[in-house]
Amino acid sequence: MTFNNAAADEDVNPLADPEERPAPPAVFIIFGASGDLTSRKLMPAIERLALRRLLPPGFAVVGVARTEMNDDDFRERMRELVEKGGGGGAEARHVWDSFVGAFRYIAGDYDDPDTFERLKDVLAELDNERGTAENRLYYLATPPSTFPTVIKGLAAHDLNRPTSDDAFVRIVIEKPFGHDLQTALDLDATVHEAFDESQVYRIDHYLGKETVQNVLALRFANAAFEPTWNRRYIDHIQITVAESIGVEHRGSFYEQAGALRDIVQNHVMQVLSMTLMEPPVTFDADGIRDEKVKALKAVEILTPEKVKQQVVRAQYARGWVGGDEVIGYREEEGVNPHSTTETYVAMKLRVDNWRWAGVPVYVRTGKRLPKRVTEVALQFKRVPHLPFAPEMVKDLEADSIVLRIQPDEGITLRFGAKVPGQAFRVRSVSMDFFYGAAFLEETPDAYERLLLDALIGDATLFIRSDEVEQAWHIVDPLLQAWEHEDVPLATYESGTWGPGEADDLMAADDRRWRRP
Amino acid sequence: MEVVTAPSVSLSTIGSWQAEGVRADQVVSALSELRRHEERAATRTSVMTLVIVVRTPEEAQSHLDVVRHLGARHPSRTLVLVFCDDDGDDESRMDADVSVSAIERGGRQVAVEEVVLEVRGQARYHLDSLVRPFALPDLPIAVWVATDLPGRGDPLLTAADRVVVDTRVVGYKRDALNTAYSLTHRVAVTDLSWWRLKPWRNLFASLFEGHVYRPFLRNVQHLEVSGHAGPRHLFAGWVVSRLDLPRTVVHLDDAEHLSAKLVASHEGRRGSFAVERKGDERVIDASVEIEAGPQFQQKMQFGEDWQSRAVADALSHMGHNETYEAALEAALRLLR
């Protein structure tokens with residue numbers, strides 16, 4: 001007997017738990033499969049997704065790289081590297097056993113048409129044998145210079161478009177999205193010659209962090225915070241992205257990047273836009289990204305003169321961090337001894353919109369600072385009148401709300417309270433909410449979350465082309481000024497919170513940096 | 001009653017208090033006193049009050065072990081009510097064991113409160129009056145009746161936002177599913193039997209992800225579910241209710257382990273989709289075979305600490321679970 005039921009006519013799996021969000025069948029194709037990102041981030045994410053039962057049986061991985069390997073070598077190598085990185089275990093054994101036949105490898109150059117011909121054949125085989133349903137997710141885990149070559153190769157072999165209305169083809173592109181505004185626009189043009197914007201998933205792993213997403217939850221799910229989130233109550237905003245490490249083994253890469261490109265253009269701009277954005281009408285990809293772009297468009301574009309006044313760039317010198325003596329930036333391996341690459345940036349930005357007019361945003365990021373911390377602090381204005389004698393409130397600071405993104409993710413609220421005793425004294429106290437203490441459940445790693453989103457087709461936590469462009473519009477004038485104008489490069493002792501010039505930037509406004 | 005837990009979590013006692021023949025307000029005061037002046041207990045991040053009803057002090061301890069794992073995910077105040085055997089004395093009497101402890105996980109400490117009350121006499125029939133004084137303000141109350149299924153008229157339900165039961169503890173009788181179904185009309189219910197089926201349900205559902213496989217769900221010809229009475233009915237009830245299948249395509253068999261096979265067709269091709277646990281290894285095999293199409297298998301291991309996970313998962317959702325309720329209703333129809 002055949003029974004025609006209506007439940008399966010919809011575009012959703014009627015048996016799927018709506019909260020589980022399993023991925024559809026697909027082939028995950030990694031360009032740069034023998035590289036560090038693949039073994040350190042992508043493969044562990046794949047293993048965890050499989051362990052969480054979020055990958056369907058019709059799932060396969062194709063690695064593409066120059067290194068010679070066969071399918072089994074590739075799978076075993078990935079398995080070993082994931083295990084070495086802390087993955088593996090009894091449960092994972094079954095996951096990797098299931099991957100037999102589902103892991104394929106193509107050794108070849110990205111500019112060789114044969115590489116793409118073989119890829120095409122392998123994809124057809126997997127569709128037939130593994131039921132991957134003609135769905136493809138490409139991942140560019142290669143150096144940025146190869147992005148155009150790979151993209152053009154895919155397009156030349158008709159691998160850039162879905163073969164049917166039911167299938168999908170998506171491409172994930174790792175940052176950096178260009179080296180400056182012009183190269184970003186050039187890359188975008190190349191991408192859009194082959195892919196529609198709806199197929200493109202620009203990844204900044206910061207957005208995959210639970211606590212970055214929690215900024216949206218905190219702001220838009222709580223009536224207690226949002227009403228004060230504006231110029232009427234907020235005096236200024238401080239965003240800090242601090243690292244205690246130096247450039248490590250990435251000296252030559254960092255020489256080409258610097259703190260502005262490495263952190264400000266992407267991570268800081270993402271955090272900034274989420275902090276400043278208006279409530280989205282809908283909590284979907286375009287609803288959120290539209291508002292983020294609007295927020296970025298309201299950020300002041302600095303003139304060369306203002307770059308000199310409102311931006312501090314600096315380089316770390318020798319010093320002590322956490323009890324260890326460390327060398328200066330110019331002494332690092334792969335770094336030019338006369339380098340002018342900045343390892344620290346502090347800047348003051350104006351936001352020209354109704355909500356934030358007159359509320360300066362101070363941003364600082366740097367390497368070799370005292371500790372690793374990312375936070376957004378909103379400092380409230382003082383009350384209009386304090387009905388206390390000055391000696392009663394001499395220990396009272398302005399109220400603040402701090403969103404701690406990493407580590408110790410959570411929220412700190414600083415407010416005034418009476419000191420117990422006969423005298424009436426008010427002092428500031430901090431109330432800490434630790435995100436991890438309320439929900440100690442294991443949170444998905446950023447790559448795990450973002451890979452699943454890309455497979456499902458949820459672009460909310462990926463960066464749209466106009467976001468990238470707008471972020472470059474903000475950052476590019478700084479690069480231009482540093483290149484063409486006489487802008488000093490300060491130094492700071494490793495293990496301190498940055499150069500004195502950054503303190504002067506705040507002091508000029510009668511403010512000071514928080515100590516995170 | 002089987003209680004399976006994961007390895008112990010790191011628990012350090014900040015303070016404890018025991019007393020016999022006490023009143024509820026004395027216990028509440030003792031709890032407050034334990035927290036006072038203790039820095040580690042000063043910050044409490046709670047999401048619910050959890051009440052567990054058991055019949056012996058030993059059961060109280062074994063369930064607290066489960067909850068300590070839960071504490072790492074749902075920090076809460078836990079009140080364990082031990083419904084002591086009738087000793088012939090009608091007089092109400094209560095003995096208390098109160099502790100405030102710190103659970104450490106990932107380098108962070110979370111303070112948890114545990115109150116064990118051994119209740120005797122008439123008070124045993126008014127447990128709701130013991131729940132309310134201990135409830136954390138404005139937070140949901142989940143009541144886990146660990147060794148029985150409460151009747152629909154049980155006064156304890158008036159104090160509960162959610163009731164956690166396990167239809168397996170009463171042997172998967174038809175009455176158990178009936179009682180659980182009846183409870184769902186009164187309060188949101190979590191049935192741990194339902195959560196125990198989650199690996200099977202998820203894996204089975206994953207076989208139909210994507211446009212190649214989903215259309216097979218439109219033409220289901222045969223659904224075969226084997227296993228113990230109860231789980232097989234719940235599983236089959238879930239598929240039947242989600243796909244709106246008629247009773248006639250469903251075949252149920254008794255077996256030691258759960259397995260399910262769905263046969264369907266699409267565009268003239270026959271497809272078989274199955275999940276099965278073979279032997280005692282905690283591994284589920286999933287397979288898909290489509291005529292002139294993809295054929296593949298997948299294995300999945302499921303963990304041993306299912307109970308903590310199941311309770312934790314279950315308590316993540318405080319409202320009614322409509323999928324479970326529909327599955328339960330369909331299971332009852334299959335039992336007729």
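Numbers restart at 1 for each chain; the letters A, B, ... are given by sequence-line order, proteins then strands. Fair warning: this is a prediction, and the values are worked out from it, not measured in the lab.
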Tell me, side chain or backbone of [X] under 4.5 Å from chain B's heavy atoms, or both, or neither?
{"X": "A/A167", "result": "both"}
{"X": "A/L55", "result": "backbone"}
{"X": "A/D127", "result": "backbone"}

Practice problem: Specify which of A/A23, A/P22, A/A26, A/P24 makes the most heavy-atom pairs with chain B at under 4.5 Å. | Solution: A/P22

Exercise. Calculate, to the nearest 0.5 Å, the distance between atoms CD1 and CZ belonging to A/I171 and A/R136 respectively.
Key: 13.5 Å

Quiz item: Of all residues at least two apart in sequence or in a different chain, which pass the salt bridge (charged side-chain N to carboxylate O under 4.0 Å, His left out) check with B/E325?
Solution: none

Quiz item: Between the side chains of B/S272 and B/E289, is a donor N or O closer than 3.5 angstrom to an acceptor N or O?
Solution: no

Self-check item: Leading residue by heavy atom contact count with chain A [cutoff under 4.5 Å; candidates B/V283, B/V263, B/T323, B/V288]
Solution: B/V283

Quiz item: chain A: which of B/S287, B/G210, B/P199, B/A292 shares the most heavy-atom pairs with it under 4.5 Å?
Solution: B/P199

Quiz item: Looking only at atom types and distance, does a side-chain atom of A/R414 sit under 3.5 Å from a main-chain N or O of A/S428, one as donor and one as acceptor?
Solution: no

Quiz prompt | 4.5 Å side-chain heavy-atom contact, A/I405 and A/N214 | solution = no

